[in-house]
2 protein chains.
Amino acid sequence: MTTRNMEDYLETIWNLQHKKGYVKAKDIAERLEVSRPSVSGMIKKLSENSYILYEKYGGIVFTEKGKKLAQEIKRRHSLLVEFLKIIGVSEENAQTDACKLEHDVSPETITSLLGFVDFISLLPESSKWKENFQEYLKKSLLERSSNKKKNYKEKYWGRENKKI
Amino acid sequence: MTTRNMEDYLETIWNLQHKKGYVKAKDIAERLEVSRPSVSGMIKKLSENSYILYEKYGGIVFTEKGKKLAQEIKRRHSLLVEFLKIIGVSEENAQTDACKLEHDVSPETITSLLGFVDFISLLPESSKWKENFQEYLKKSLLERSSNKKKNYKEKYWGRENKKI
DNA sequence: ACAAATAGTTAGGCTTACCTAATAAAGATA
DNA sequence: TATCTTTATTAGGTAAGCCTAACTATTTGT
(Lines give C-alpha, C1' and ligand atoms only; values in the text may rest on other atoms or scores of the structure.)
Protein backbone atom coordinates (compact mmCIF):
# COMPACT_ATOMS: atom_id res chain seq x y z
CA MET A 1 0.00 0.00 0.00
CA THR A 2 0.97 3.55 -0.54
CA THR A 3 1.02 5.97 2.34
CA ARG A 4 -0.08 9.56 2.28
CA ASN A 5 3.57 10.53 2.26
CA MET A 6 4.51 8.38 -0.67
CA GLU A 7 1.68 10.07 -2.56
CA ASP A 8 3.02 13.49 -1.69
CA TYR A 9 6.45 12.59 -2.95
CA LEU A 10 5.06 11.11 -6.14
CA GLU A 11 3.04 14.22 -6.78
CA THR A 12 6.05 16.43 -6.20
CA ILE A 13 8.12 14.34 -8.57
CA TRP A 14 5.38 14.67 -11.14
CA ASN A 15 5.25 18.43 -10.74
CA LEU A 16 9.00 18.83 -10.98
CA GLN A 17 9.10 16.64 -14.05
CA HIS A 18 6.59 18.86 -15.77
CA LYS A 19 8.11 22.10 -14.62
CA LYS A 20 11.81 21.47 -15.08
CA GLY A 21 11.90 18.48 -17.36
CA TYR A 22 13.97 16.41 -14.94
CA VAL A 23 13.90 15.50 -11.25
CA LYS A 24 16.74 15.58 -8.73
CA ALA A 25 16.51 14.49 -5.13
CA LYS A 26 17.70 17.91 -4.06
CA ASP A 27 14.75 19.62 -5.71
CA ILE A 28 12.29 17.33 -4.01
CA ALA A 29 13.81 18.23 -0.66
CA GLU A 30 13.43 21.90 -1.44
CA ARG A 31 9.90 21.62 -2.67
CA LEU A 32 8.70 19.56 0.26
CA GLU A 33 10.82 21.48 2.76
CA VAL A 34 12.38 18.33 4.05
CA SER A 35 15.97 17.22 4.62
CA ARG A 36 17.89 15.43 1.89
CA PRO A 37 18.29 12.25 3.88
CA SER A 38 14.50 12.11 4.15
CA VAL A 39 14.29 12.26 0.39
CA SER A 40 16.92 9.57 0.04
CA GLY A 41 14.86 7.32 2.24
CA MET A 42 11.66 7.88 0.35
CA ILE A 43 13.35 7.45 -3.01
CA LYS A 44 14.61 4.11 -1.85
CA LYS A 45 11.12 3.15 -0.75
CA LEU A 46 9.47 4.28 -3.96
CA SER A 47 12.10 2.43 -5.99
CA GLU A 48 11.64 -0.74 -4.00
CA ASN A 49 7.93 -0.52 -4.67
CA SER A 50 8.53 0.05 -8.37
CA TYR A 51 6.95 3.46 -8.63
CA ILE A 52 10.12 5.08 -9.93
CA LEU A 53 13.49 4.28 -11.44
CA TYR A 54 16.38 6.08 -9.91
CA GLU A 55 20.06 6.55 -10.62
CA LYS A 56 22.33 8.38 -8.23
CA TYR A 57 23.36 11.73 -9.59
CA GLY A 58 21.19 10.99 -12.56
CA GLY A 59 17.51 11.54 -12.19
CA ILE A 60 14.18 9.99 -11.40
CA VAL A 61 11.72 8.61 -13.91
CA PHE A 62 8.35 7.02 -13.33
CA THR A 63 7.56 3.43 -14.07
CA GLU A 64 4.20 2.83 -15.69
CA LYS A 65 2.78 1.98 -12.29
CA GLY A 66 4.19 5.16 -10.79
CA LYS A 67 3.02 7.31 -13.64
CA LYS A 68 -0.48 5.96 -13.34
CA LEU A 69 -0.63 6.65 -9.63
CA ALA A 70 0.89 10.10 -9.94
CA GLN A 71 -1.63 11.01 -12.60
CA GLU A 72 -4.44 9.73 -10.46
CA ILE A 73 -3.32 11.87 -7.54
CA LYS A 74 -2.91 14.85 -9.81
CA ARG A 75 -6.38 14.30 -11.15
CA ARG A 76 -7.87 14.26 -7.65
CA HIS A 77 -5.92 17.37 -6.79
CA SER A 78 -7.10 19.33 -9.80
CA LEU A 79 -10.67 18.26 -9.30
CA LEU A 80 -10.61 19.39 -5.69
CA VAL A 81 -9.09 22.72 -6.61
CA GLU A 82 -11.69 23.27 -9.26
CA PHE A 83 -14.48 22.39 -6.89
CA LEU A 84 -13.16 24.52 -4.04
CA LYS A 85 -12.88 27.51 -6.33
CA ILE A 86 -16.45 27.04 -7.45
CA ILE A 87 -17.70 27.27 -3.90
CA GLY A 88 -15.68 30.40 -3.34
CA VAL A 89 -12.40 29.31 -1.78
CA SER A 90 -9.40 31.43 -2.75
CA GLU A 91 -6.91 29.98 -5.20
CA GLU A 92 -4.23 29.77 -2.55
CA ASN A 93 -6.36 28.02 0.02
CA ALA A 94 -7.85 25.78 -2.62
CA GLN A 95 -4.36 24.60 -3.49
CA THR A 96 -3.25 23.90 0.05
CA ASP A 97 -6.53 22.25 1.03
CA ALA A 98 -6.49 20.09 -2.08
CA CYS A 99 -2.99 18.91 -1.16
CA LYS A 100 -4.30 17.58 2.10
CA LEU A 101 -7.70 16.34 1.01
CA GLU A 102 -6.53 14.56 -2.11
CA HIS A 103 -5.29 11.61 -0.08
CA ASP A 104 -8.59 10.84 1.52
CA VAL A 105 -11.45 11.22 -0.93
CA SER A 106 -13.12 7.95 -1.83
CA PRO A 107 -13.84 6.99 -5.42
CA GLU A 108 -17.54 7.62 -4.90
CA THR A 109 -16.89 11.11 -3.66
CA ILE A 110 -14.57 11.74 -6.59
CA THR A 111 -17.33 10.68 -8.94
CA SER A 112 -19.85 12.92 -7.25
CA LEU A 113 -17.52 15.88 -7.19
CA LEU A 114 -16.77 15.36 -10.83
CA GLY A 115 -20.47 15.27 -11.51
CA PHE A 116 -21.01 18.44 -9.55
CA VAL A 117 -18.23 20.34 -11.27
CA ASP A 118 -19.45 19.24 -14.69
CA PHE A 119 -23.01 20.08 -13.81
CA ILE A 120 -22.10 23.59 -12.75
CA SER A 121 -19.99 24.11 -15.83
CA LEU A 122 -22.96 23.18 -17.99
CA LEU A 123 -25.19 25.84 -16.50
CA PRO A 124 -26.42 28.25 -19.14
CA GLU A 125 -25.10 31.78 -18.90
CA SER A 126 -28.58 32.94 -18.10
CA SER A 127 -28.73 30.97 -14.87
CA LYS A 128 -26.35 33.27 -13.02
CA TRP A 129 -25.85 30.53 -10.50
CA LYS A 130 -22.34 31.60 -9.66
CA GLU A 131 -23.21 35.25 -9.26
CA ASN A 132 -26.13 34.45 -7.01
CA PHE A 133 -24.09 32.09 -4.93
CA GLN A 134 -21.16 34.46 -4.62
CA GLU A 135 -23.47 37.20 -3.52
CA TYR A 136 -25.12 34.94 -1.02
CA LEU A 137 -21.74 33.92 0.36
CA LYS A 138 -20.65 37.51 0.76
CA LYS A 139 -23.87 38.44 2.48
CA SER A 140 -23.88 35.51 4.84
CA LEU A 141 -20.28 36.22 5.75
CA LEU A 142 -21.15 39.76 6.69
CA GLU A 143 -24.12 38.70 8.70
CA ARG A 144 -22.17 36.05 10.45
CA SER A 145 -19.46 38.44 11.53
CA SER A 146 -21.93 40.93 12.91
CA ASN A 147 -25.20 40.43 14.70
CA LYS A 148 -26.62 37.18 13.38
CA LYS A 149 -23.85 35.00 14.75
CA LYS A 150 -25.95 33.69 17.56
CA ASN A 151 -28.85 32.84 15.33
CA TYR A 152 -26.70 30.80 13.03
CA LYS A 153 -25.07 28.90 15.82
CA GLU A 154 -28.34 27.93 17.41
CA LYS A 155 -29.66 26.76 14.12
CA TYR A 156 -26.63 24.67 13.48
CA TRP A 157 -26.29 23.00 16.83
CA GLY A 158 -29.95 22.46 17.18
CA ARG A 159 -29.85 20.26 14.15
CA GLU A 160 -26.70 18.51 15.22
CA ASN A 161 -27.72 17.60 18.72
CA LYS A 162 -30.81 15.80 17.62
CA LYS A 163 -28.75 13.36 15.64
CA ILE A 164 -26.70 12.39 18.67
CA MET B 1 -0.61 21.07 18.72
CA THR B 2 -3.17 18.39 18.25
CA THR B 3 -2.56 15.58 15.84
CA ARG B 4 -5.07 13.93 13.55
CA ASN B 5 -5.11 11.01 15.94
CA MET B 6 -5.81 13.07 18.99
CA GLU B 7 -8.74 14.53 17.11
CA ASP B 8 -10.06 11.10 16.27
CA TYR B 9 -9.93 10.03 19.88
CA LEU B 10 -11.60 13.23 21.04
CA GLU B 11 -14.38 12.78 18.52
CA THR B 12 -14.89 9.19 19.62
CA ILE B 13 -15.05 10.24 23.24
CA TRP B 14 -17.61 12.83 22.30
CA ASN B 15 -19.73 10.30 20.45
CA LEU B 16 -19.60 7.78 23.27
CA GLN B 17 -20.48 10.44 25.80
CA HIS B 18 -23.59 11.33 23.83
CA LYS B 19 -24.56 7.79 23.09
CA LYS B 20 -23.94 6.05 26.40
CA GLY B 21 -23.71 8.89 28.84
CA TYR B 22 -20.25 7.92 30.03
CA VAL B 23 -16.92 6.98 28.50
CA LYS B 24 -14.66 4.07 29.34
CA ALA B 25 -11.28 3.37 27.82
CA LYS B 26 -12.45 -0.04 26.76
CA ASP B 27 -15.26 1.41 24.65
CA ILE B 28 -12.88 3.73 22.87
CA ALA B 29 -10.71 0.77 21.99
CA GLU B 30 -13.69 -1.05 20.55
CA ARG B 31 -14.97 1.91 18.61
CA LEU B 32 -11.62 2.75 17.08
CA GLU B 33 -10.65 -0.89 16.65
CA VAL B 34 -7.44 -0.39 18.49
CA SER B 35 -5.75 -2.19 21.39
CA ARG B 36 -6.35 -1.13 24.95
CA PRO B 37 -2.75 -0.15 25.53
CA SER B 38 -3.05 2.24 22.60
CA VAL B 39 -6.01 3.85 24.28
CA SER B 40 -4.13 4.06 27.56
CA GLY B 41 -1.36 5.92 25.82
CA MET B 42 -3.65 8.39 24.11
CA ILE B 43 -5.66 9.00 27.27
CA LYS B 44 -2.45 9.90 29.02
CA LYS B 45 -1.54 12.27 26.23
CA LEU B 46 -4.95 13.92 26.14
CA SER B 47 -4.89 14.32 29.90
CA GLU B 48 -1.42 15.83 29.87
CA ASN B 49 -2.64 18.31 27.30
CA SER B 50 -5.71 19.13 29.37
CA TYR B 51 -8.33 18.03 26.90
CA ILE B 52 -9.86 15.53 29.28
CA LEU B 53 -9.97 14.55 32.94
CA TYR B 54 -9.54 10.89 33.62
CA GLU B 55 -9.81 8.55 36.56
CA LYS B 56 -8.88 4.89 36.32
CA TYR B 57 -11.94 2.68 36.37
CA GLY B 58 -13.98 5.82 36.57
CA GLY B 59 -14.55 7.63 33.34
CA ILE B 60 -13.47 10.41 31.06
CA VAL B 61 -14.87 13.91 31.00
CA PHE B 62 -13.93 16.84 28.82
CA THR B 63 -12.32 19.98 30.09
CA GLU B 64 -13.67 23.18 28.60
CA LYS B 65 -10.78 23.17 26.17
CA GLY B 66 -11.46 19.59 25.17
CA LYS B 67 -15.15 20.14 24.80
CA LYS B 68 -14.59 23.11 22.58
CA LEU B 69 -12.26 21.19 20.31
CA ALA B 70 -14.48 18.11 20.19
CA GLN B 71 -17.45 20.24 19.21
CA GLU B 72 -15.44 21.95 16.54
CA ILE B 73 -14.42 18.62 15.04
CA LYS B 74 -17.96 17.36 15.25
CA ARG B 75 -19.16 20.48 13.53
CA ARG B 76 -16.74 19.96 10.66
CA HIS B 77 -17.76 16.33 10.43
CA SER B 78 -21.47 17.05 10.24
CA LEU B 79 -20.99 19.78 7.71
CA LEU B 80 -18.94 17.50 5.48
CA VAL B 81 -21.51 14.74 5.71
CA GLU B 82 -24.28 17.13 4.85
CA PHE B 83 -22.36 18.47 1.90
CA LEU B 84 -21.34 15.06 0.59
CA LYS B 85 -24.91 13.86 0.72
CA ILE B 86 -26.04 16.88 -1.24
CA ILE B 87 -23.67 16.05 -4.05
CA GLY B 88 -24.93 12.49 -4.09
CA VAL B 89 -22.53 10.50 -1.95
CA SER B 90 -24.13 7.62 -0.05
CA GLU B 91 -24.70 8.02 3.67
CA GLU B 92 -22.13 5.37 4.46
CA ASN B 93 -19.41 6.80 2.28
CA ALA B 94 -20.23 10.30 3.39
CA GLN B 95 -19.60 9.24 6.97
CA THR B 96 -16.29 7.53 6.34
CA ASP B 97 -15.02 10.27 4.04
CA ALA B 98 -16.02 12.94 6.51
CA CYS B 99 -14.03 11.13 9.20
CA LYS B 100 -10.91 11.49 7.13
CA LEU B 101 -11.49 14.90 5.60
CA GLU B 102 -12.55 16.61 8.79
CA HIS B 103 -8.96 16.92 9.95
CA ASP B 104 -7.78 18.87 6.96
CA VAL B 105 -10.33 21.42 5.84
CA SER B 106 -9.22 25.00 6.37
CA PRO B 107 -11.47 27.56 8.02
CA GLU B 108 -12.03 29.28 4.68
CA THR B 109 -13.20 26.05 3.12
CA ILE B 110 -15.46 25.40 6.07
CA THR B 111 -17.01 28.79 5.59
CA SER B 112 -17.53 28.22 1.89
CA LEU B 113 -18.99 24.78 2.41
CA LEU B 114 -21.31 26.16 5.01
CA GLY B 115 -22.37 28.83 2.55
CA PHE B 116 -22.94 26.28 -0.14
CA VAL B 117 -25.02 23.99 2.04
CA ASP B 118 -27.12 26.87 3.27
CA PHE B 119 -27.53 28.21 -0.22
CA ILE B 120 -28.78 24.92 -1.55
CA SER B 121 -31.16 24.52 1.34
CA LEU B 122 -32.63 27.93 0.60
CA LEU B 123 -33.38 27.18 -3.02
CA PRO B 124 -37.07 27.51 -3.78
CA GLU B 125 -38.95 24.30 -4.34
CA SER B 126 -39.54 25.31 -7.92
CA SER B 127 -35.86 25.19 -8.75
CA LYS B 128 -35.64 21.42 -8.50
CA TRP B 129 -31.92 21.77 -8.23
CA LYS B 130 -31.41 18.54 -6.41
CA GLU B 131 -33.59 16.46 -8.69
CA ASN B 132 -31.89 17.83 -11.75
CA PHE B 133 -28.48 17.27 -10.31
CA GLN B 134 -29.24 13.76 -9.12
CA GLU B 135 -30.57 12.84 -12.51
CA TYR B 136 -27.58 14.36 -14.20
CA LEU B 137 -25.28 12.37 -11.93
CA LYS B 138 -27.02 9.13 -12.72
CA LYS B 139 -26.95 9.75 -16.43
CA SER B 140 -23.37 10.89 -16.50
CA LEU B 141 -22.36 7.78 -14.61
CA LEU B 142 -24.01 5.66 -17.24
CA GLU B 143 -22.48 7.71 -19.99
CA ARG B 144 -19.05 7.44 -18.48
CA SER B 145 -19.24 3.70 -18.15
CA SER B 146 -20.45 3.27 -21.70
CA ASN B 147 -17.89 5.77 -22.96
CA LYS B 148 -20.32 8.10 -24.67
CA LYS B 149 -20.25 11.85 -24.61
CA LYS B 150 -23.31 13.94 -24.91
CA ASN B 151 -24.56 17.36 -24.01
CA TYR B 152 -27.19 17.53 -21.33
CA LYS B 153 -27.20 21.25 -21.11
CA GLU B 154 -30.51 21.71 -22.83
CA LYS B 155 -32.30 18.96 -21.11
CA TYR B 156 -31.38 19.92 -17.57
CA TRP B 157 -31.10 23.66 -17.82
CA GLY B 158 -34.18 24.68 -19.69
CA ARG B 159 -35.87 27.98 -18.99
CA GLU B 160 -37.72 27.05 -15.83
CA ASN B 161 -34.51 26.70 -13.90
CA LYS B 162 -32.93 29.99 -14.75
CA LYS B 163 -33.57 31.33 -11.32
CA ILE B 164 -31.04 28.96 -9.82
C1' DA C 1 -15.13 -12.02 51.95
C1' DC C 2 -12.76 -13.88 48.42
C1' DA C 3 -12.23 -15.84 43.69
C1' DA C 4 -13.26 -14.85 38.94
C1' DA C 5 -14.12 -11.64 35.50
C1' DT C 6 -13.23 -7.19 33.78
C1' DA C 7 -10.47 -3.06 33.09
C1' DG C 8 -6.25 -0.84 32.73
C1' DT C 9 -1.11 -0.34 32.66
C1' DT C 10 3.80 -1.57 31.78
C1' DA C 11 7.33 -3.48 29.14
C1' DG C 12 9.31 -4.25 24.96
C1' DG C 13 9.14 -4.00 19.89
C1' DC C 14 7.63 -2.61 15.19
C1' DT C 15 6.85 1.07 11.50
C1' DT C 16 6.93 5.40 9.22
C1' DA C 17 8.36 9.71 9.24
C1' DC C 18 11.50 13.17 10.58
C1' DC C 19 16.17 15.24 11.93
C1' DT C 20 21.64 16.37 12.27
C1' DA C 21 26.38 15.16 11.61
C1' DA C 22 29.61 12.81 9.14
C1' DT C 23 31.02 10.61 4.88
C1' DA C 24 31.38 9.44 0.02
C1' DA C 25 30.93 10.15 -4.76
C1' DA C 26 30.54 12.97 -8.82
C1' DG C 27 31.24 17.17 -11.38
C1' DA C 28 33.47 21.55 -12.14
C1' DT C 29 37.41 24.46 -12.25
C1' DA C 30 42.05 26.34 -11.58
C1' DT D 1 45.43 16.63 -12.23
C1' DA D 2 44.15 18.14 -7.80
C1' DT D 3 41.02 20.49 -5.26
C1' DC D 4 36.63 22.50 -4.27
C1' DT D 5 31.62 22.40 -4.59
C1' DT D 6 27.54 20.01 -5.08
C1' DT D 7 24.88 16.02 -4.44
C1' DA D 8 23.60 12.07 -2.13
C1' DT D 9 24.03 8.40 1.46
C1' DT D 10 24.91 6.34 6.00
C1' DA D 11 24.77 6.40 10.87
C1' DG D 12 22.39 7.30 14.77
C1' DG D 13 18.51 9.44 17.23
C1' DT D 14 13.55 11.34 18.10
C1' DA D 15 8.52 11.12 17.96
C1' DA D 16 3.91 9.31 17.21
C1' DG D 17 1.35 5.56 16.59
C1' DC D 18 0.52 0.74 16.66
C1' DC D 19 0.97 -4.11 18.59
C1' DT D 20 1.32 -8.49 22.04
C1' DA D 21 2.33 -10.51 26.41
C1' DA D 22 2.45 -10.08 31.06
C1' DC D 23 1.12 -7.76 35.04
C1' DT D 24 -1.89 -5.11 38.49
C1' DA D 25 -5.99 -3.25 40.23
C1' DT D 26 -10.88 -2.94 40.61
C1' DT D 27 -15.47 -4.68 40.45
C1' DT D 28 -18.68 -8.28 40.72
C1' DG D 29 -20.91 -12.50 42.06
C1' DT D 30 -21.56 -16.15 45.12
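Within every chain, numbering begins at 1; the chains are lettered A, B, ... in the order of the sequence lines, protein sequences first and strands thereafter.
Between R4(A) and D104(B) there is a salt bridge, since a side-chain N of the basic residue sits under 4.0 Å from a carboxylate O of the acidic one.
Atom pair E48(A):CD and dT15(C):C1' shows a separation of 14 Å (rounding to whole Å applied). With rounding to whole Å, Y57(B) atom OH is found 12 Å from dT24(D) atom P. The distance between atom CD1 of I43(B) and atom C1' of dG17(D), rounded to the nearest whole Å, is 15 Å. Atom CG in D8(A) sits about 16 Å away from atom P in dT16(C), given to the nearest Å. Summarising the geometry, the separation between NE2 on H103(A) and P on dT16(C) is reported as 17 Å, rounded to the nearest angstrom. Note: CD (E55(B)) to C1' (dT26(D)) measures 13 Å, nearest angstrom. M1(B) places its CE atom 11 Å from the P atom of dG17(D), with the value rounded to the nearest Å. One atom, CD1 of I60(B), and another, P of dA7(C), lie 14 Å apart when rounded to the nearest Å.
Side-chain proximity of S38(A) to dT16(C), dC18(C), dA21(C): nearest is dC18(C). Picking from dA8(D), dC19(C), dC19(D) the nucleotide with the shortest atom distance to the side chain of V34(B) gives dC19(D). Ranking dA7(C), dA16(D), dA8(D) by closeness to the K26(B) side chain, first place goes to dA7(C).
Close to dT9(D), at under 4.0 Å from its OP1 or OP2, lies a side-chain N or O of Y54(A). Checking the phosphate oxygens (OP1, OP2) of dG17(D), a side-chain nitrogen or oxygen of K45(B) falls inside 4.0 Å. In terms of phosphate contacts, Y9(A) brings a side-chain nitrogen or oxygen within less than 4.0 Å of OP1 or OP2 of dC18(C). Side-chain nitrogen and oxygen atoms of K56(A) include none within less than 4.0 Å of the OP1 or OP2 phosphate oxygen of dA8(D).
Between R76(A) and the options E11(A), E102(A), Q71(A), E7(A), a side chain to side chain donor-acceptor pair (under 3.5 Å) holds for only E7(A).
A donor and an acceptor atom, one from each side chain of S35(B) and S38(B), are located under 3.5 Å apart. No hydrogens or angles considered: a donor-acceptor pair under 3.5 Å links the side chains of N15(A) and K74(A).
Annotation: of the two residues near DNA chain D, D27(A) and S35(B), the 5′-most nearest-nucleotide partner is D27(A). Toward the 5′ end of DNA chain C lies the nearest nucleotide of G58(B), the other residue of the pair G58(B) and R36(A) mapping further downstream. A residue-by-residue look at K24(B) and M42(A) shows that K24(B) has its nearest nucleotide of DNA chain C further toward the 5' end.
No side-chain heavy atom of T63(A) sits less than 4.5 Å from a side-chain heavy atom of I52(A).
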